[in-house]
*Asks:* 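To start, I am sharing the structure in question, which I have written as structure tokens.
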Amino acid sequence: MKVLVPVKRVVDYNVKVRVRSDQTGVDDANVKMSMNPFDEIAVEEAVRIKENGIASEVVTVSCGVAQSQETLRTAMAIGADRGVLVQTDTQLQPLAVAKLLKGLVDQEQPKLVILGKQAIDDDANQTGQMLAALLNWPQATFASKIDVEDGKVTVTREVDGGLETLSLALPAIITTDLRLNEPRYVTLPNIMKAKKKPLEVVTPEKLGVDITPRLKTLKVSEPPVRSAGIIVPDVMALVDKLKNEAKVI
Ligand code: AMP
């Protein structure tokens with residue numbers, strides 16, 4: 001059984017992002033880029049499924065600029081067997097990514113696709129759902145536990161009222177939540193080994209997918225600046241300020 005894991009190159013979660021002065025988006029020049037954290041969890045889960053003898057191959061795929069090869073190498077250092085980069089300089093929106101992934105699924109014929117629940121840059125939370133719709137496959141989003149056996153997969157999801165357990169027939173789409181696993185630490189020998197793993201580069205044209213953006217970003221702006229807090233001398237002063245300045249009591 002083959003597992004496909006899409007991974008996105010995003011601004012590292014530790015970086016304090018800045019909006020470009022022309023308000024067209026977030027400035028990603030000269031900032032640290034990393035694998036989307038939810039995708040790291042997806043790769044870890046796929047590798048564990050392989051280590052348990054259920055999957056035979058883990059293929060990782062990224063859509064984006066040439067530097068996304070680094071993200072694929074990280075996925076291969078965690079344990080993915082090979083990588084595919086769909087290379088383009090065009091800014092990709094979730095529907096375009098979902099169509100590219102469908103093209104790769106048609107070629108690779110995986111039984112399971114594990115994506116992150118959302119990319120921390122666009123916070124879209126759409127790609128997995130769109131891919132499931134395009135393929136007409138069952139989907140389980142926000143997985144906190146995955147058990148694959150006998151042509152089906154059982155997925156536990158964290159929902160408002162508690163835990164929901166779903167059974168899906170394979171092939172299926174799963175998206176990961178934070179508590180699914182803790183990705184392993186990538187060791188230097190594994191980083192070296194990953195450099196030798198196969199990495200294929202294809203283009204959207206080769207997959208026959210039109211990636212023209214459908215949405216136009218009108219403006220990206222910084223959140224309003226919060227004014228600094230003050231320390232009041234005593235409770236009476238606090239009550240006075242809440243009553244007469246903030247007018248909330
Ligand atoms: P999103 O719908 O943008 O929040 O992304 C959800 C998930 O889709 C991510 O966690 C990735 O697994 C996958 N994904 C999104 N964009 C890309 C991309 N450019 N390349 C590969 N995978 C992607």
Side-chain angles (χ1 to χ4, degrees), residues 3-13 17 25-26 28 33-47 58-76 78 80 82-105 107-108 110 112-135 137 139-144 146 155 157 172-181 183 199-204 206-207 209-215 217 220:
V3 184
L4 191 75
V5 187
V7 295
K8 186 176 187 186
R9 177 178 187 265
V10 296
V11 173
D12 187 89
Y13 70 96
V17 292
V26 163
D28 59 3
M33 305 293 285
S34 301
M35 188 190 303
N36 182 43
F38 293 106
D39 305 353
E40 229 177 293
I41 294 171
V43 178
E44 173 68 36
E45 193 66 19
V47 171
V58 176
V59 182
T60 181
V61 43
S62 193
C63 310
V65 293
Q67 293 90 323
S68 309
Q69 291 201 15
E70 292 161 17
T71 317
L72 291 170
R73 292 285 173 208
T74 307
M76 290 189 267
I78 297 172
R82 62 186 170 90
V84 182
L85 169 65
V86 185
Q87 192 172 328
T88 175
D89 288 336
T90 305
Q91 189 82 35
L92 294 169
Q93 291 174 353
L95 183 58
V97 177
K99 287 179 180 172
L100 293 170
L101 295 177
K102 176 176 186 302
L104 286 172
V105 167
Q107 276 181 12
E108 296 279 348
L112 196 58
V113 183
I114 311 180
L115 305 93
K117 75 168 177 182
Q118 75 191 58
I120 59 165
D121 52 0
D122 61 16
D123 274 347
N125 172 18
Q126 294 172 357
T127 311
Q129 294 88 328
M130 286 175 168
L131 179 62
L134 292 173
L135 290 164
W137 285 10
Q139 62 173 310
T141 53
F142 298 24
S144 58
I146 298 176
V155 178
R157 311 177 60 235
I173 306 286
I174 297 176
T175 73
T176 61
D177 209 341
L178 210 55
R179 272 171 288 274
L180 179 59
N181 63 48
L199 196 163
E200 184 193 352
V201 181
V202 298
T203 59
K206 198 174 159 213
L207 293 170
V209 175
D210 176 13
I211 53 165
T212 315
R214 302 276 197 100
L215 308 172
T217 302
V220 177

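Position 1 is the first residue of the sequence, and the numbers go up from there. Start at 1 and go down the list; that is how both ligands and their atoms are numbered.
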*Asks:* Which value, rounded to the nearest 0.5 Å, describes the distance between Thr141 atom OG1 and Ile173 atom CD1?
*Replies:* 11.5 Å
*Asks:* Show the protein residues that qualify under the rule heavy atom under 4.0 Å from an atom of ligand 1, listing them in chain and number order.
*Replies:* Pro6, Val7, Lys8, Asn36, Asp39, Val61, Ser62, Cys63, Val97, Leu115, Gly116, Gln118, Ala119, Asp122, Ala124, Asn125, Gln126, Thr127
*Asks:* Residues in side chain to side chain donor-acceptor pair (under 3.5 Å) with Thr90, at least two apart?
*Replies:* Thr88
*Asks:* Can you tell me how far apart OG1 (Thr217) and CG (Leu215) are? Round to the nearest 0.5 Å.
*Replies:* 7.5 Å
*Asks:* If I take atom CD from residue Glu45 and atom CG from residue Leu180, how far apart are they, to the nearest 0.5 angstrom?
*Replies:*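 With rounding to 0.5 Å, CD (Glu45) is 4.0 Å from CG (Leu180).
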*Asks:* For a quick test of your reading: what N or O donor-acceptor pairs under 3.5 Å do the side chains of residues 126-133 make, sequence neighbours left out?
*Replies:*
{"from": "Gln129", "atom 1": "NE2", "to": "Asn125", "atom 2": "O", "distance (Å)": "3.3"}
{"from": "Gln129", "atom 1": "NE2", "to": "Asn125", "atom 2": "OD1", "distance (Å)": "2.8"}

*Asks:* Among residues at least two apart in sequence or on other chains, which ones pass side chain to side chain donor-acceptor pair (under 3.5 Å) with Arg73?
*Replies:* none
